[in-house]
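Chain A is the first sequence line, chain B the second, and so forth, proteins listed ahead of strands; every chain is numbered from 1.
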Number of protein chains: 2
Amino acid sequence: MPDDRIAHLVKDVTRALVRALHAGLAEHSVSFGHWTYLRILWERDGLTQRELSDEAGVMEPSTVTAIRSMEQLGYVTRAQLPENRKNIYVHLTAKGRALKAKLVPLAEEVNHIALAGIPVREVNITREVLMAMIENLAGRD
Amino acid sequence: MPDDRIAHLVKDVTRALVRALHAGLAEHSVSFGHWTYLRILWERDGLTQRELSDEAGVMEPSTVTAIRSMEQLGYVTRAQLPENRKNIYVHLTAKGRALKAKLVPLAEEVNHIALAGIPVREVNITREVLMAMIENLAGRD
DNA sequence: CTGATATACTTAGGACCCTAAGTAAATAGG
DNA sequence: CCTATTTACTTAGGGTCCTAAGTATATCAG
């Protein structure tokens, strides 16, 4: 069980991060799934669902469900434009934009806790290794 | 978005690993969830569902669902002992034990691909950082 | 010994993500 | 032009994991 462990470690860290963030987000009626899309939209508003899926790194059906639920919560609107009736453009509402001020500090706190006491140099190496792993796994399709 | 990215990186690596392993496992009628429990039982047979949950790092209801489905596939048996009718002991069948020879090489291949070209030293640092993160996040409950 | 507590499993229901297959609109080729 | 392909979104269904609440058994305390 040498290299094998790293896959399980990665999985366990993901679960730990999700668990840690979940409680705080829930207080603002934001699920972990919504968080991913909010982050993207705060950076760049008015993306299509396809673009959102690409940015989030998930498949389209996952985005459909999430965005629909965010629409019902009043965080985003979905709109078609006359020049292209196929695309659906997702825009933040004022309510959705306002969440940024509350949620970003929360995520920063969790990251701060997660990385406490770990040398920056090692965190950077980890970041590079993780990116290399994604690259390696993406190739084979 | 400095430290913040590491959370998303970890999540993305998990997804990439799951995707990569999924196809191979599916050929042997093993889902990704079953894989976790099989690995544990190959090491130590006859654990209770509670012990399996602890080992796998998941909650009990998740284990109930998975083990029941593995029982139906004929990979494990569930048995009570007269001296304690509360515990349910899970044992591998011959079929479940036989999967090891097919599945382990498959997982090793995925790990090999994922870590290709990454210096062992850096992988080890990553392993340590990930374990430290789990430790950091476990504390706050 | 018997009531309170702890333990092990189960049920119910929800969130997230996936694959496969369907629909509708846009685009490209003959 | 009009058919064929591609693109964007949707629907259907399944797997994994969670929390909360329920049931049955075991254990502990008075």
Can you name the side-chain contact (heavy atoms from CB on, under 4.5 Å) partners of [X], sequence neighbours left out?
| X | answer |
| --- | --- |
| A:Glu55 | A:Ile40, A:Arg44, A:Leu47 |
| A:Thr65 | none |
| B:Leu106 | B:Leu21, B:His28 |
| A:Lys95 | A:Tyr75, A:Thr93 |

Practice problem: Report, as a single string ordered 5' to 3', how protein heavy atoms within less than 4.0 Å touch nucleotides 5-17 of chain D: B base, S sugar-phosphate only, - not at all. | Solution: --BSBBB---SSB
Roughly, in whole Å, what's the span from [atom1] in [X] to [atom2] in [N]?
| X | N | atom1 | atom2 | result |
| --- | --- | --- | --- | --- |
| B:Glu71 | C:dC9 | CD | C1' | 14 Å |
| A:His22 | C:dA15 | NE2 | P | 9 Å |
| B:Asp12 | C:dC17 | CG | P | 11 Å |
| B:Arg85 | D:dT27 | CZ | P | 12 Å |
| B:Leu81 | D:dA26 | CG | P | 11 Å |
| A:Glu83 | C:dA25 | CD | P | 16 Å |
| B:Leu52 | C:dC9 | CG | C1' | 13 Å |
| B:Leu25 | C:dT19 | CG | P | 14 Å |

Quiz item: Would you say B:Val90 and B:Glu51 make side-chain contact, with heavy atoms under 4.5 Å?
Solution: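 No, too far: nothing below the 4.5 Å cut-off.
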Quiz item: What pairs meet the salt bridge (charged side-chain N to carboxylate O under 4.0 Å, His left out) rule with one or both residues in residues 56-68 of chain B, with sequence neighbours excluded?
Solution: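 Sorted pair list: B:Arg50-B:Glu60.
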